[in-house]
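See below for the structure under consideration.
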Amino acid sequence: MSIPKLVDEAMARGITQMALTDINNSTGIMEFMRECDEKGLKPIGGLEFRKDKRLLYIGIAQNREGMKELNDFLTEHNLEKKPLPDASPDFKHAFVVYPYGYQGELKDNEYLGIRFDQLNQLFNKDISAIRGKLLALQPVFVLDRIEYRLHEYLRGIDLNAVLTMVKPEDKCTPTDLFLAPGQLEAKFARYAFILDNTRNLMNRCVMDYPKGRINLNRKTFTGNKKTTKSCSKS
């Protein structure tokens with residue numbers, strides 16, 4: 001979905017805050033924030049870090065300093081062509097969400113994201129040690145099942161493979177979409193504290209950038225048109 005469509009669909013379902021976490025890039029954040037501000041939805045920035053198609057962790061910025069931390073981390077690895085580490089660095093202004101099943105020791109700012117179709121894995125399990133670390137993970141990638149089918153076709157074309165050869169890790173899942181109002185709450189009814197954890201974390205995030213449209217294109221190198229023109233001639 002385009003960013004305007006993503007925001008409109010969220011608003012139509014009564015969503016009040018949402019995080020944009022594109023895979024290994026953050027180019028849509030400024031447009032996302034502008035759309036959210038115009039429509040009255042609270043934007044949260046972040047990045048989804050993947051290596052060899054595998055989800056490593058999701059960074060959720062607490063503020064603009066957190067967004068800078070996430071971008072600096074990714075930029076360093078891109079420029080130096082270093083593979084992303086399996087464990088997140090120590091971010092000071094960003095939360096980290098690992099997929100459920102991660103076995104490493106969690107730091108104060110680190111959590112486990114569990115999808116509703118994984119909740120059965122909690123049954124009869126002592127989760128007291130991680131109770132405060134569990135978050136609801138509900139990715140949104142497509143609008144509906146028709147778009148999911150289109151996504152499958154496009155992934156097959158990209159991989160030059162027939163649909164039956166497109167592996168699960170090569171595509172999103174059929175549930176990576178907006179749920180009907182109240183449906184997520186219903187699915188987490190037995191573990192309502194997970195939704196509380198998620199809301200509390202998102203409430204602590206504030207994208208404290210200046211409001212309004214910001215022109216990020218640099219017009220001069222020196223701050224003065226005349227001296228910039230003189231430099232370009234020399």
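Between Phe188 and Ala136 the shortest heavy-atom distance is CZ-CB, 3.7 Å. Of all non-hydrogen atoms in Leu84 and Leu56, the two that sit nearest each other are CB-CD1, 3.7 Å. Annotation for Pro43 and Met207: closest pair O-CG, 3.2 Å, computed over non-hydrogen atoms. When all heavy atoms of Tyr57 and Ser88 are compared, the pair lying nearest together is CE2-N, 3.6 Å. The nearest pair of heavy atoms linking Glu31 to Pro4 is OE2-CD, 3.6 Å. The two atoms that bring Ala94 and Glu69 nearest to each other are N-OE1, 3.7 Å, heavy atoms only.
Ring geometry for Phe91 versus Phe49: interplanar angle under 30°, hence parallel rather than tilted (30 to 60°). Note: Phe141 and His151 have perpendicular aromatic rings, judged against thresholds of 30 and 60 degrees for the angle between ring planes.
By the 6.0 Å contact criterion, NZ on Lys167 is open, its count of non-hydrogen atoms from other residues, nucleotides or ligands being 12 or less. Around CG of Leu79, the count of heavy atoms belonging to other residues, nucleotides or ligands within 6.0 Å exceeds 12. The number of heavy atoms from other shown groups lying within 6.0 Å of NZ (Lys39) is above 12. With a 6.0 Å radius and a threshold of 12 heavy atoms from other residues, nucleotides or ligands, Lys107 has its NZ atom above the threshold. Atom CD of Glu105 has 12 or fewer neighbouring heavy atoms from other residues, nucleotides or ligands inside a 6.0 Å radius. No more than 12 heavy atoms of other residues, nucleotides or ligands sit less than 6.0 Å from atom CG of Asp108. The 12-atom threshold is not exceeded at CG of Asn160, counting heavy atoms of other residues, nucleotides or ligands nearer than 6.0 Å.
Between the side chain of Asn71 and the backbone N or O of Met67, at least one donor-acceptor pair lies under 3.5 Å.
Of the charged side-chain nitrogens involved, at least one lies within less than 4.0 Å of a carboxylate oxygen, so that Lys171 and Glu152 count as a salt-bridged pair. For Lys51 and Asp86, the salt-bridge test passes: some basic side-chain N is under 4.0 Å from an acidic carboxylate O. The existence of a salt bridge linking Glu76 and Lys82 is confirmed by a sub-4.0 Å separation between a basic side-chain nitrogen and an acidic carboxylate oxygen. Between Arg34 and Glu38 no salt bridge is recorded (no basic side-chain N to carboxylate O distance below 4.0 Å). Electrostatic pairing of Arg199 and Asp196 counts as a salt bridge here, judged by a charged N lying under 4.0 Å from a carboxylate O. With respect to Arg149 and Asp144, no salt bridge is recorded, no charged nitrogen being found less than 4.0 Å from a carboxylate O.
Put simply, the side chain of Val97 does not reach to within 4.5 Å of the side chain of Tyr102, judged on heavy atoms. Side-chain atoms of Tyr153 and Leu163, non-hydrogen and from C-beta on, do get closer than 4.5 Å to each other.
If you take CZ on Phe95 and CD on Gln62, they are separated by 4.0 Å, rounding to the nearest 0.5 Å.
Take Leu150 and apply the side chain to side chain contact (heavy atoms under 4.5 Å, CB included) test, not counting sequence neighbours, and it matches Leu154. Partners of Asn63 by side-chain hydrogen bond (donor to acceptor under 3.5 Å, both in side chains), not counting sequence neighbours: none found.
For Arg131 and Phe193, the positive end sits near the middle of the six-membered ring, less than 6.0 Å away and at most 45° from its axis.
Paired with Tyr191 under the rule side chain to side chain contact (heavy atoms under 4.5 Å, CB included), one option of Ile114, Leu134, Leu122 passes, and it is Leu122.
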### Task
Could you check Thr173 against Asp176 for side chain to side chain donor-acceptor pair (under 3.5 Å), going step by step and ending with a plain yes or no?
CA-CA 5 Å; Thr173 73; Asp176 285 352; 3.0 Å; yes

### Message
For a side-chain contact (heavy atoms from CB on, under 4.5 Å) check, start with the C-alpha distance between Thr175 and Asp117, then their side-chain angles and the critical distance, and finish with the verdict.
### Response
CA-CA 9 Å; Thr175 58; Asp117 54 4; 4.1 Å; yes

#### Entry: Step-by-step side chain to side chain donor-acceptor pair (under 3.5 Å) determination, Gln17 to Asn203
CA-CA 9 Å; Gln17 52 185 340; Asn203 288 340; 3.0 Å; yes

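Residues Phe178 and Ile44 do not share a hydrophobic cluster, clusters being chains of Ile/Leu/Val/Met/Phe/Trp/Tyr side chains in contact below 4.5 Å.
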